[in-house]
K.L.:
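Pasting in a structure now, in structure tokens, and then I'll have a few things to ask.
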Amino acid sequence: MYCDHCYRDAGAKAADELSTAEGKALLEEIKQAGFKIMIFSGGEPLLRPDIFQLAEHAVKLGLRTVFGTNGTLIDRDTARRLKELGVMGMGISLDSMDGEKHDRLRKMKGAWTGAVEGMKQCRDAGLPFQIHTTVMDWNQEEILDITDFAVRMGAVAHHQFFLVPTGRGKDLAEEALKVEQYEELLARLMRKQREVAIELKPTCAPQFMRIAKLDGLDLRFSRGCLAGTHYCIISPKGLVQPCAYLDMTLGNVRETPFSKIWAEHEVFQALRTLDYKDGCGRCAFKVKCGGCRARAAIYHGGDYMGEDPWCLYRAGNR
């Protein structure tokens, strides 16, 4: 696949990706740093020949091991093997109820059918799965229909990823939701949460925490934006970023132990202060929400502590 919205701008395998031995050592560092969850994502993680070894190692370390995948490589044997290894869940991408639209976004015919088949294989193997949807202007009216589809398929959750224009996603900036549409969809999702038993979670849309709180909806989440406080990513080459969309390298695990980068880097330390600027700094919900730090950086010349411009609440409603 060559997905239009890929933050990683993924394509062919990089020549200097971490080896299996480096991957296992990194997992040990991740555990040492205090993390509880390990998400294998990509690109497509199931393309790595050693992915089962890495997943098994993560499980043995006591990390809750989950995947983000396009789903097309999950056949019967793969689903069963992942289940037997102790993998706890698969996040499978589905961006439209229209197969042609999904396939067009991912530049591969049959991607929609393959994703749905992957869900069925997970379900049959007893491997929990959830649906991941990237939200754009052309599919916003389908989001709740995809939630209903997730319920019918037996998914445990539906997570909605709100587009941040990085990687190839820069070319889709005009397809991102406008602020009013963004707020309205978050409100609809929180209302929908009252109607369905599965978990709904907007990602890169931390304002959902404020909407839920004001609506009296009790969610299990403690915070909206987790970048640098509870979450970070490590690239296939070992480069550490605060989140997938905050495009700044804070270190290389080949040069500095990950646990040291996570504990000591000045950007991580700054993010943990929650000392945001302007509207986000004054907001009564800055602890629960936090604003999208990646979006703040994009719209404020790299200032990741700036105000998130995609928030109606900042405009005098405090």
Side-chain angles (χ1 to χ4, degrees), residues 1-3 6-75 77-93 118 122 125 127-129 167 226-268:
M1 296 187 188
Y2 197 78
C3 306
C6 182
Y7 72 82
R8 178 64 63 204
D9 195 14
K13 176 184 176 182
D16 53 353
E17 289 185 9
L18 298 177
S19 67
T20 304
E22 288 174 318
K24 288 183 175 180
L26 174 57
L27 288 166
E28 292 162 12
E29 279 286 318
I30 289 168
K31 175 68 174 180
Q32 182 177 329
F35 283 86
K36 307 296 184 185
I37 300 172
M38 175 64 200
I39 306 169
F40 287 104
S41 186
E44 175 49 54
L46 291 173
L47 284 171
R48 269 195 76 115
D50 62 355
I51 192 62
F52 297 108
Q53 296 179 57
L54 295 173
E56 182 177 26
H57 195 64
V59 170
K60 287 181 177 178
L61 289 169
L63 293 167
R64 180 178 175 85
T65 302
V66 296
F67 278 66
T69 171
N70 63 48
T72 62
L73 299 179
I74 307 176
D75 57 18
D77 290 341
T78 297
R80 289 186 175 186
R81 187 172 181 186
L82 291 168
K83 172 69 174 178
E84 290 169 358
L85 288 176
V87 170
M88 298 299 290
M90 306 296 286
I92 299 176
S93 297
C122 289
L127 177 61
F129 73 93
L226 304 178
T229 61
H230 302 76
Y231 168 87
C232 71
I233 70 163
I234 306 166
S235 81
K237 300 179 182 181
L239 304 179
V240 180
Q241 292 180 214
C243 81
Y245 305 106
L246 193 48
D247 190 15
M248 54 174 61
T249 299
L250 307 187
N252 188 326
V253 301
R254 283 180 164 139
E255 300 168 358
T256 307
F258 170 73
S259 58
K260 181 177 177 65
I261 297 170
W262 175 252
E264 299 179 9
H265 197 281
E266 61 183 10
V267 171
F268 284 141

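Given the structure is predicted, the values throughout are model-derived calculations rather than measurements.
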K.L.:
Nearest 0.5 Å please: distance from the CG atom of Leu127 over to the CG atom of Leu85.
P.N.:
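Rounded to the nearest 0.5 Å, the CG-CG separation comes to 10.5 Å.
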K.L.:
Hey, what do you get for CZ (Arg80) to NZ (Lys83), rounding to the nearest 0.5 Å?
P.N.:
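Rounded to the nearest 0.5 Å, the CZ-NZ separation comes out at 12.5 Å.
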K.L.:
Show which side-chain atoms of residues 49-62 pair as donor or acceptor with protein atoms under 3.5 Å away, not counting sequence neighbours.
P.N.:
residue	atom	partner	partner atom	Å
Asp50	OD1	Arg48	NE	2.7
Asp50	OD1	Arg48	NH2	3.4
Asp50	OD2	Thr20	OG1	2.5
Asp50	OD2	Arg48	NH2	2.8
His57	NE2	Glu28	OE2	2.9

K.L.:
With sequence neighbours left out, what residues match Glu22 under side chain to side chain donor-acceptor pair (under 3.5 Å)?
P.N.:
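Partners of Glu22 under the side chain to side chain donor-acceptor pair (under 3.5 Å) test: Ser19, Arg254.
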K.L.:
Please step through side-chain contact (heavy atoms from CB on, under 4.5 Å) for the pair Phe40 and Val87, ending with a clear verdict.
P.N.:
CA-CA 10 Å; Phe40 287 104; Val87 170; over 6 Å; no
K.L.:
Evaluate Ile261 against Cys232 for side-chain contact (heavy atoms from CB on, under 4.5 Å), listing each step before the verdict.
P.N.:
CA-CA 11 Å; Ile261 297 170; Cys232 71; over 6 Å; no
K.L.:
Return the minimal non-hydrogen interatomic distance between Glu44 and Leu46, and the atom names on each side.
P.N.:
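Taking every non-hydrogen atom into account, OE2-N, 3.0 Å.
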K.L.:
Quick one: CD1 on Ile37 to CZ on Arg64, what's the gap to the nearest 0.5 Å?
P.N.:
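Here the rounded value is 6.5 Å.
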K.L.:
Roughly how far apart are Gln241 CD and Met248 CE, rounded to 0.5 Å?
P.N.:
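Here the rounded value is 9.0 Å.
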K.L.:
Of the non-hydrogen atoms in Phe129 and Cys122, which two are nearest, and what is the gap between them?
P.N.:
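Smallest heavy-atom distance, with atoms named: CD2-CB, 3.9 Å.
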K.L.:
Among all residues two or more places apart in sequence or in another chain, which pass the side chain to side chain donor-acceptor pair (under 3.5 Å) test with Asp75?
P.N.:
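By the side chain to side chain donor-acceptor pair (under 3.5 Å) rule, Asp75 matches Thr78.
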K.L.:
If I take atom CZ from residue Phe258 and atom CG from residue Leu27, how far apart are they, to the nearest 0.5 angstrom?
P.N.:
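Phe258 atom CZ to Leu27 atom CG measures 10.5 Å (nearest 0.5 Å).
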K.L.:
Between atom CD1 of Ile30 and atom CG of Leu63, what is the distance when rounded to the nearest 0.5 Å?
P.N.:
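Going from CD1 on Ile30 over to CG on Leu63, the span is 7.0 Å.
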K.L.:
Test your reading of the model: is there a side-chain donor-acceptor pair from Glu29 to the backbone of Ser259, 3.5 Å cut-off?
P.N.:
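A pair under 3.5 Å: yes.
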K.L.:
Go through the steps for Ile92 and Ile74 under the test side-chain contact (heavy atoms from CB on, under 4.5 Å), then give the verdict.
P.N.:
CA-CA 10 Å; Ile92 299 176; Ile74 307 176; 3.9 Å; yes
K.L.:
Which atom names give the shortest non-hydrogen contact between Gly42 and Pro45, and what distance separates them?
P.N.:
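That closest heavy-atom pairing would be N-CD, 4.1 Å.
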K.L.:
With a 4.5 Å cut-off on side-chain heavy atoms, are Leu82 and Phe67 touching?
P.N.:
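When only atoms from C-beta onward are counted, Leu82 and Phe67 do touch, with a gap below 4.5 Å.
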K.L.:
Looking at every heavy atom in both Pro242 and Leu250, which two are closest together, and how far apart are they?
P.N.:
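Heavy atoms of Pro242 and Leu250 come nearest at CG-CD1, 3.7 Å.
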K.L.:
Should Val240 and Trp262 be marked as a side-chain contact (heavy atoms from CB on, under 4.5 Å) after you check the CA-CA gap, both sets of side-chain angles, and the distance that decides it?
P.N.:
CA-CA 9 Å; Val240 180; Trp262 175 252; over 6 Å; no
